[in-house]
Asker: 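The structure under discussion is supplied below as structure tokens; questions concerning it will follow.
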Amino acid sequence: MRKFLFPLIFLISFYTNSFGQWKNENLKGKWIGTADFDLYPDLMFVDIDSVIKVKLFYHQEETDKVNEYTETSDSLKFIIDTPSMAASYRGEILNDSTIMGKFQVGYKEFDCNLIRLSPIHIADLGNLLGYFSFEDGRIIQIEPFYIDGSINPLRVLDFKNGKQRVLYPTYKDERQITFAAGPKMASSYPTDFTITLYKNENGEAERLQYDSYTEGTSLKEGKRLQELSDFKDISVKNDNVEIEGTLTYPNVEDKKVPLVIYVPGAGEQFRGSIFDEYVKTLPYYGIATFVYDKRGCGVSTGDRKSADFYDLASDLKKVIHKLKKAKRIDEERIGLVGFDQAGYVMPLAVEDEEDIQFIVNISGAMCKFVDQERQALEKRLVADEFTPEDVKITLEYQDELIKYLASGEKTESLTKAHDRILVTPMIEYVTTLDETDYIEWWKKYYDFDAKNAWEKVKVPVLTLYGEKDNLLDPTVSAKRVSTFKNASVFDTRILPKVNHLLIKGGKRGDVQLTEIEGYHPFLFKTINEWIGSQVGLIK
């Protein structure tokens, strides 16, 4: 699958004149906006000082000279003319903080509105980092976020409405610092909401204020939550593999507490990844969590690539058995929350209903592995705008490859399908016959089916899918669950307008900074309340 990597930038710089003087002195400073290109909107930074520097992310383009610019008291224009890019920008300066502009490439024109960034010293950010609660009961998390070394943005996740955004500094004085968020994660205009830190006369942080323009609310009493101080790094041994994880307790008096174990998905998964967010707030509601580095990831030992689902389930079994013995854990209130590939791992690890009491399966396929991979292939091709004929050719090859894995025979039809796709762009989306490592990977997984294991599960299972999942068809998995012998224990929900990560926005499901808006607005409420009812905290 094609990927655009945001650290790749192009830099454009040009001199205003020999003295670096500007007709509009208010232009000086750092500005940011989003060029709304059709397929992949791009971040655009404009740094105006004695020179102008422009940076675009996602595009692998670089030039060190722009031929001309025009600047007046109320407008800014410049032109880029290189062998690989012909583009221009023109903007109307509305005020000291906003430039309304257009970015033109060839014959196409795209909106690109800029806002001014306030210079914030990194030392000022400490008072804004952490978890905060507001008078309406919402919890937000603010943490550092790196986009460009010349600015200090923050990342905010609102666990009430699911919004996940980058906060840009827009105002600062001795008594307050204001950050603004746009309508999508890294976009800056128009402002969706602002978060302001207010200080007392001694410069000490007093409170946060959360002003939402889309919700029409102003929350004035944001207070930092007490830090979770009781956490332990735990090592779990499974033969010659060491699984390393962190057990976090809620801030409650010494008593037995329920536990949720987070089960990682496919690929390289370790503590601190974005997927931990599904369980991050549980300790604030009285539920302990254990998050671990997957085998061969982070500081856990073993080989991730050679492990199959049974190996990963064996690791999880050991984790469950060890944590049941933890002093403050109520062994009768332990559950699992897993993402993606965990849907194949969790049922294999549950020996009986006495080990765990509930399962939350997030975007975990319930169909056969080979069927899920075929769905993912088709969805990727469609999302990347391949023609129906291209999709048909690719799926035909995939089907022939699976027949080969089952029989071990390289048939004439396989060879023809292989040779046909070999000279097409779709070759990037499939495993070719000469890729022996991937062929061995396919042999290990292609015929796996977790149905028998799921049918042995007797505890409640909440399964959440995104309507716009680009890796599996949620309706196919939901229909298959209805055929299980124990279908009554499953609560399957398809959340509208969100993808595989249960995030809204993004054409392909990748975490495109300029596209995603955040999680489904009721995601965390749904997970937390369902778990709360399973462990008896909600009656």
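Since we're looking at a predicted model, the values are computed, not measured.
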Asker: Quick check: Tyr344 with Tyr445 (ring centres under 6.0 Å apart)?
Answerer: no
Asker: Check the pair Asp158 / Tyr210 against side chain to side chain donor-acceptor pair (under 3.5 Å), numbers first and verdict last.
Answerer: CA-CA 11 Å; Asp158 185 328; Tyr210 186 133; 2.8 Å; yes
Asker: Enter the distance from Ile538:CD1 to Trp530:CH2 here, rounded to the nearest 0.5 Å.
Answerer: 12.0 Å
Asker: Would a 4.5 Å heavy-atom cut-off, applied to side chains only, mark Ile329 and Lys324 as touching?
Answerer: no
Asker: Indicate, with yes or no, if the rings of Phe193 and Tyr213 have centres closer together than 6.0 Å.
Answerer: no
Asker: Is there a side chain to side chain donor-acceptor pair (under 3.5 Å) between Lys294 and Gln341 once you walk through the steps?
Answerer: CA-CA 12 Å; Lys294 183 178 175 180; Gln341 188 187 81; 3.2 Å; yes
Asker: Could you check whether Arg271 pairs with Asp276 (Lys NZ or Arg NE/NH1/NH2 to Asp/Glu carboxylate O, under 4.0 Å)?
Answerer: no
Asker: Establish, yes or no, whether a centroid distance under 6.0 Å links the rings of Phe448 and Phe309.
Answerer: yes
Asker: Heavy atoms only: give me the nearest Thr34-Ser188 pair and the separation to one decimal.
Answerer: OG1-N, 4.2 Å
Asker: Testing the basics here: between Asn238 and Ser314, what is the closest heavy-atom pair and its distance to 0.1 Å?
Answerer: ND2-OG, 3.0 Å
Asker: Should Gln372 and Arg374 be marked as a side chain to side chain donor-acceptor pair (under 3.5 Å) after you check the CA-CA gap, both sets of side-chain angles, and the distance that decides it?
Answerer: CA-CA 5 Å; Gln372 186 271 321; Arg374 194 179 193 276; over 6 Å; no
Asker: Does either side chain, that of Thr178 or that of Thr196, offer a donor lying less than 3.5 Å from an acceptor on the other one?
Answerer: yes
Asker: Any chance you could measure Glu215, atom CD, to Asp136, atom CG, to the nearest 0.5 Å?
Answerer: 8.0 Å
Asker: Do other residues, nucleotides or ligands put more than 12 heavy atoms under 6.0 Å from Lys237 NZ?
Answerer: yes
Asker: Dump the intermediate steps for side-chain contact (heavy atoms from CB on, under 4.5 Å) on Val257 and Ile287, then the final yes or no.
Answerer: CA-CA 6 Å; Val257 295; Ile287 301 171; over 6 Å; no
Asker: Run the numbers on Glu242 and Ser235 for side chain to side chain donor-acceptor pair (under 3.5 Å), then give the verdict.
Answerer: CA-CA 6 Å; Glu242 295 280 349; Ser235 180; 2.6 Å; yes
Asker: Asp491 versus Arg493: any side-chain heavy-atom pair under 4.5 Å?
Answerer: yes
Asker: Atom CG in Leu259, atom CG in Leu247: separation rounded to 0.5 Å?
Answerer: 6.5 Å
Asker: Atom OG of Ser477 and atom CG of Asp469: how far apart are they, to the nearest 0.5 Å?
Answerer: 9.0 Å
Asker: Please give me the minimum heavy-atom distance between Leu157 and Gly162, naming the atom from each residue.
Answerer: CD1-O, 3.9 Å
Asker: For this output row, return yes or no: ring centroids of Phe490 and Phe484 closer than 6.0 angstrom.
Answerer: yes
Asker: Please evaluate residues Arg480 and Asp449 with respect to the criterion salt bridge (Lys or Arg N to Asp or Glu O under 4.0 Å), reporting the C-alpha separation (whole Å), side-chain torsions for both, the decisive distance (0.1 Å), and the verdict.
Answerer: CA-CA 12 Å; Arg480 194 172 196 228; Asp449 189 352; 2.7 Å; yes
Asker: Can you find a heavy atom in the side chain of Cys367 that is under 4.5 Å from one in the side chain of Lys451?
Answerer: no
Asker: For Tyr262 and Phe275, I'd like to know if the aromatic rings sit close, meaning centre-to-centre distance below 6.0 Å.
Answerer: no
Asker: Is the count of non-hydrogen atoms from other residues, nucleotides or ligands lying under 6.0 Å from Lys256 atom NZ greater than 12?
Answerer: yes
Asker: Using the rule given for salt bridge (Lys or Arg N to Asp or Glu O under 4.0 Å), can you reason through Lys220 versus Asp211, listing the C-alpha separation, both sets of side-chain angles and the distance that settles it, and then say yes or no?
Answerer: CA-CA 8 Å; Lys220 301 179 183 299; Asp211 293 299; 5.2 Å; no
Asker: Using a 4.5 Å cut-off on heavy atoms from C-beta on, say whether the side chain of Leu472 contacts that of Val476.
Answerer: no
Asker: Do Glu277 and Tyr519 have side-chain atoms, one donor and one acceptor, less than 3.5 Å apart?
Answerer: yes
Asker: I'd like to know whether Phe386 forms a ring-ring contact (aromatic ring centres under 6.0 Å, His included) with Tyr429, so could you lay out the CA-CA distance, the side-chain angles of the two residues, the decisive distance to 0.1 Å, and finally the verdict.
Answerer: CA-CA 12 Å; Phe386 282 91; Tyr429 294 73; 5.4 Å; yes
Asker: Would you mind checking if Arg328 and Asp230 are paired as a salt bridge, meaning a charged N to carboxylate O distance below 4.0 Å?
Answerer: yes
Asker: Charged N to carboxylate O below 4.0 Å: is that the case for Lys305 and Asp437?
Answerer: no
Asker: Could you go through the salt bridge (Lys or Arg N to Asp or Glu O under 4.0 Å) check for Arg295 and Asp315 one step at a time?
Answerer: CA-CA 8 Å; Arg295 173 189 291 229; Asp315 294 340; 2.9 Å; yes
Asker: Restricting to non-hydrogen atoms, name the atom on Thr432 and the atom on Tyr397 that form the minimum distance, rounded to 0.1 Å.
Answerer: CA-OH, 3.5 Å
Asker: Please report the interatomic distance CD1(Ile402) to CD(Gln398), rounded to the nearest 0.5 Å.
Answerer: 5.0 Å
Asker: Leu336 and side-chain contact (heavy atoms from CB on, under 4.5 Å): which partner among Val350, Val459, Val260?
Answerer: Val350
Asker: Flag the pair Trp442 / Thr431 as yes when at least one side-chain heavy-atom distance between them is below 4.5 Å, and no otherwise.
Answerer: yes
Asker: Kindly compute the distance separating CD (Glu517) from CE (Met185), expressed to the nearest 0.5 Å.
Answerer: 12.5 Å
Asker: Does Glu396 form a salt bridge (Lys or Arg N to Asp or Glu O under 4.0 Å) with Lys392? I'd like the steps, not just the answer.
Answerer: CA-CA 6 Å; Glu396 286 176 350; Lys392 178 175 177 291; 2.7 Å; yes
Asker: Does a side-chain heavy-atom distance below 4.5 Å link Trp454 with Val461?
Answerer: yes
Asker: Is the shortest side-chain N to carboxylate O distance from Arg333 to Asp330 below 4.0 Å?
Answerer: yes
Asker: Taking all atoms of both residues into account, what is the closest heavy-atom pair of Lys322 and Val236, and its distance?
Answerer: CD-CG2, 3.9 Å
